[in-house]
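Single-structure report; data block below.
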Amino acid sequence: MTRTIAVTGAAGSIAYSLLFRLAAGAVYGAEPVRLRLLEVPQAVDRLEGVLMELADCAYPTLLEATATDDPDEAFAEADAALLIGAAPRTQGMDRADLLRANGEVFRAHGAALGRSAKADVRVVVVGNPANTNALIAAHHASHQQRADGQRIDPSRFTALTRLDHNRALGMLAQKVQAPVESIERVAIWGNHSNTQVPDLADALIDGRPAPAVLSEVCGGAANARAWVRDEFIPQVANRGAAIISARGASSAASAASAALDHLRDWTFGTNGARVSMAVRSGGEYGVPEGLVSSFPCTVDADGAHRIVDGLDLDDDRRARIGASVAELAAERDEAAALGFV
Ligand code: LMR
């Protein structure tokens, strides 16, 4: 089966870390891909260089790569869309300015996806504010009249919190000196912002409860709780800012890697493993219906994502999740006030 994948912000650094792995089979293995690269008109020239390099890799799995500044052309018959391009925050911009700039981008991209992509397209929003950008794009996609009479369901729009999930995995693995693949059931809840809730209360390390393993490593349960509260949660939640400060640029390779993990698992299933995805809430765990919030999810072999149900959250996690979800609700309300939803 040949897949058509649209990538926005395709001349940027996240895309530069992503496109070559995608073309080489990081998501679809040996299945051939067609890449449709979208950029704003002033960056399309730079895309020509990316196209040359993709051609020069001579990947057997890359059937074709094209570049355009027309969203309908980029999204035509897309099986998946990685929405990386977003308006960056510049000097003097406040949150409303950022939402206004991105609302325009994601309204246009959502509408074009709604008109032109396959009805069962998988959309992964990477550009920030990712959760609310996904909500805006989903809204506009689902309101389009399509030639085939179908309608793209808002559940086809997700936002990337796999980056935070992978950061949490990496940090925990380092702390307990265990391989990453021995760790299961780490979760990220809420917004992809510093209010997010990295959660390892239900995590297992080699099948043992993470809190018990941490207690041994930290010299007691109280020390383990302090490490989670004072180091693990704030470091995962603020990792993006720490990278910007250290590198002078935001995360690119790790964001690209996480986006590929997200798309691969959403396409082929997680075989029961839990991953973090920001998905449309149906009211689960008190998250208001319609918000795009991160939850622990599994993906069936047929590619249907499901929020893990029946988790017993303690008061601390409930309060933290409530605060992050309140931020998402405020972003949605601002987007609504600006006329984007
Ligand atoms: C990240 O988590 O690394 C990015 O979302 C940070 C940013 O603001 O670009």
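Atoms within each ligand, like the ligands themselves, are counted from 1 in listed order. Please read all numbers here as calculations on a predicted model, not as lab measurements.
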Legend entry - Basic-acidic side-chain contact under 4.0 Å: Arg208, Glu216: yes
Legend entry - Nearest-neighbour protein heavy atom for atom 8 (O) of ligand 1, which is reported as residue plus atom name and distance: Asn128 ND2, 3.6 Å
Legend entry - Carboxylate-amine/guanidinium contact Arg318 Asp315, below 4.0 Å: no
Legend entry - For atom 9 (O) of ligand 1, the protein heavy atom that lies nearest, with its residue and separation: Ser250 CB, 3.3 Å
Legend entry - Nearest heavy-atom neighbours spanning Thr158 and Ser155: CG2-O, 4.3 Å
Inset, instruction - Identify the heavy atoms of Leu99 and Pro129 that sit nearest to each other, and give their distance. - result: CD2-CG, 4.4 Å
Legend entry - Glu231 and Lys175 ion-paired at < 4.0 Å: no
Legend entry - ligand 1 atoms in contact with Gly240 (distance to a heavy atom under 4.0 Å): 1 (C), 2 (O), 3 (O)
Legend entry - Nearest non-hydrogen protein atom, atom 2 (O) of ligand 1: Arg167 NH1, 2.9 Å
Inset, instruction - Answer side chain, backbone, both or neither: which part of Gln196 comes under 4.0 Å from ligand 1, heavy atoms only. - result: neither
Inset, instruction - Give the contacting part of Arg239 toward ligand 1: side chain, backbone, both or neither, where contact means a heavy-atom distance below 4.0 Å. - result: neither
Legend entry - Proximity to ligand 1 by part of Asp164, non-hydrogen separation under 4.0 Å: neither
Legend entry - Residues Asp316 and Arg229 bridged, charged N to O under 4.0 Å: no
Legend entry - Ion pair Asp79/Arg122, N-O distance below 4.0 Å: no
Inset, instruction - Provide the number and element of each atom of ligand 1 under 4.0 Å from a heavy atom of Ser251. - result: 1 (C), 3 (O)
Inset, instruction - Can you sort out which atoms of ligand 1 are near His192, meaning under 4.0 Å from one of its heavy atoms? - result: 1 (C), 2 (O), 4 (C), 5 (O)
